[in-house]
Structure formats: C-alpha cells, structure tokens
Amino acid sequence: MAVKTQPKLIFNGVSFPNFRVDVKQIYDGKEEIGINIEPKVFYPKDEKLSFKIIMEVSLVCEKSFSLEIVAVGEFALDRQLEEKQKTSFINVNATAIMFPYVRSFIATMTGNMGHVLGTLNIPTQFFSGELEEFAHKTEETNSSSD
C-alpha cells in the first residue's frame, strides 16, 4: 500500500504596513459598522513556491469613524502543485489562516484607544471565490519640455 504525503502550506506570518483611523465622534456601539474586506494574491516573480495575501480591510461607521488597514500574509508551498490544488490553497486556506490575525489586530488596536472606539470585534468571515491578483500601482510621470 502506497502512502502519499499531503502538500504543506507554510504560513510565515502577517505584517500590517498600513493602519489608519479617523474618528469624528466617540462610537457608542449602537450604529451599524460597514465592513469591506478585499483579499488579493501576489506572486513574487523570483519565487515559484511563495505567495502573499494582501488583505485590505475597511470599517466605516458614517457618524463616528472610519478605519482602514492593510495586512500582508506571507505563505509558501513545500512543492509545486497542480493548478487546481494550488488555487484551493490560496483562495480558501490562506485567507482562512490569515483572517484571525487581522481580526485580532483590529480588536487590540481599537481596544487600546480607550473609550474613543472601544474594542471592535468584527465577525468571522468566510471567503469563497477566486482571489484577484494584486498588481503594483505605478505612477506615470509626464515630463514636459519648455
């Protein structure tokens, strides 16, 4: 009987390069908070087994505050996989592994703000569908000659 080893998805951590909060007034906890989460995948050109999940999260309460965060999860596969299996790892598993860290970060940061916002505990999210590939935004510079 042959035994196959399962491929491994390696999680190398998450970083938060951007966190911004604008507070208009103290949040009383009664208003509904709009939640928008946009995860995207980024494939480094020089690393075939690595990828990053870039999760842009925004929380908006019209009268009280807006919060924006960018989280970057670093992942790797232990070997090359068939495209279908690789897509499943990226779209389902990687986002599910990363999201609790994002959720915890938001709760900790808002909790440390005292009574301004209170601790914001966003609900668990379930991700489905294929992630859009992240593309670097490039600035075009126009040069004019005098």
Side-chain angles (χ1 to χ4, degrees), residues 6-145:
Q6 290 285 75
K8 292 183 178 86
L9 176 62
I10 302 158
F11 177 52
N12 293 316
V14 62
S15 57
F16 300 91
N18 190 8
F19 178 78
R20 185 177 72 69
V21 179
D22 291 323
V23 179
K24 298 174 187 172
Q25 66 182 30
I26 292 177
Y27 177 63
D28 61 9
K30 295 177 184 173
E31 287 182 75
E32 187 174 327
I33 299 172
I35 301 172
N36 185 39
I37 303 170
E38 293 187 33
K40 295 180 181 173
V41 62
F42 174 74
Y43 302 102
K45 290 179 182 171
D46 55 341
E47 300 173 36
K48 297 291 184 199
L49 298 176
S50 297
F51 65 93
K52 297 179 184 192
I53 300 294
I54 300 168
M55 198 172 283
E56 297 175 345
V57 180
S58 64
L59 306 176
V60 177
C61 185
E62 198 65 37
K63 294 180 184 175
S64 301
F65 72 90
S66 66
L67 179 148
E68 294 176 1
I69 184 172
V70 174
V72 179
E74 307 260 348
F75 294 88
L77 298 167
D78 68 337
R79 62 180 178 248
Q80 290 285 13
L81 303 176
E82 291 178 20
E83 196 61 34
K84 184 177 178 182
Q85 190 173 28
K86 180 180 175 182
T87 300
S88 176
F89 269 130
I90 291 169
N91 293 328
V92 178
N93 299 40
T95 53
I97 290 168
M98 185 178 161
F99 184 71
Y101 291 89
V102 173
R103 190 172 181 245
S104 175
F105 182 83
I106 291 170
T108 300
M109 293 301 290
T110 57
N112 286 338
M113 294 177 72
H115 295 295
V116 174
L117 289 180
T119 302
L120 298 178
N121 290 307
I122 60 175
T124 302
Q125 305 290 308
F126 297 96
F127 301 94
S128 63
E130 194 164 329
L131 295 181
E132 181 182 326
E133 190 168 343
F134 180 82
H136 285 288
K137 295 176 185 173
T138 58
E139 293 182 32
E140 293 182 15
T141 55
N142 296 331
S143 59
S144 59
S145 56

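Of all heavy-atom pairs spanning Ala107 and Thr119, the tightest one is O-CG2, 3.5 Å. Of all heavy-atom pairs between Glu31 and Ser64, the closest is OE2-OG, 3.0 Å. Shown here for Pro17 and Ala71, the closest heavy-atom pair between the two residues is CD-CA, 4.5 Å.
Note that NZ of Lys63 is 11.5 Å distant from NZ of Lys30, once rounded to the nearest 0.5 Å. Atom-to-atom distance recorded for Arg79:CZ and Leu49:CG is 10.5 Å, nearest 0.5 angstrom. In this structure, CZ on Arg103 lies 6.0 Å from CG on Asn121, to the nearest 0.5 angstrom. Here the CZ-CD1 distance, from Phe65 to Ile33, works out to 4.0 Å after rounding to the nearest 0.5 Å. Taking CZ from Phe11 and CD from Glu74, the interatomic distance works out to 9.0 Å, rounded to the nearest 0.5 Å. Taking CD of Glu68 as the reference point, atom CD of Glu56 lies at 9.0 Å (rounded to 0.5 Å).
Between the Ser104 side chain and the Pro100 main chain, no donor and acceptor come within less than 3.5 Å of each other. In terms of modelled atom types and a separation under 3.5 Å, the side chain of Asn18 and the main chain of Val70 share no donor-acceptor contact.
Between Ile122 and Phe99, the closest side-chain pair of non-hydrogen atoms falls below 4.5 Å. Contact of the Asn93 side chain with the Phe75 side chain is not registered, since no non-hydrogen atoms from C-beta on lie closer than 4.5 Å. Residues Ile106 and Phe16 form no side-chain contact, since every pair of their non-hydrogen atoms from C-beta on lies 4.5 Å or further apart. Residues Leu9 and Leu77 meet the side-chain proximity criterion, which asks for heavy atoms closer than 4.5 Å. Met109 is not listed as a side-chain neighbour of Leu67, based on a closest heavy-atom distance of 4.5 Å or more. Contact of the Val21 side chain with the Leu117 side chain is registered, since non-hydrogen atoms from C-beta on lie closer than 4.5 Å.
Annotation: Gln25, atom CD; neighbour count of heavy atoms from other residues, nucleotides and ligands within 6.0 Å is above 12. Heavy-atom contacts from other residues, nucleotides or ligands closer than 6.0 Å to NZ of Lys24 number more than 12. The environment of CD in Glu62 is sparse: at most 12 heavy-atom neighbours from other residues, nucleotides or ligands sit within 6.0 Å. When the shell of 6.0 Å around CZ of Phe105 is examined, it contains more than 12 heavy atoms from other residues, nucleotides or ligands.
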Evaluate Ile53 against Val41 for side-chain contact (heavy atoms from CB on, under 4.5 Å), listing each step before the verdict. CA-CA 5 Å; Ile53 300 294; Val41 62; 4.2 Å; yes
Worked check of side-chain contact (heavy atoms from CB on, under 4.5 Å) between Thr110 and Tyr27: CA-CA 11 Å; Thr110 57; Tyr27 177 63; over 6 Å; no
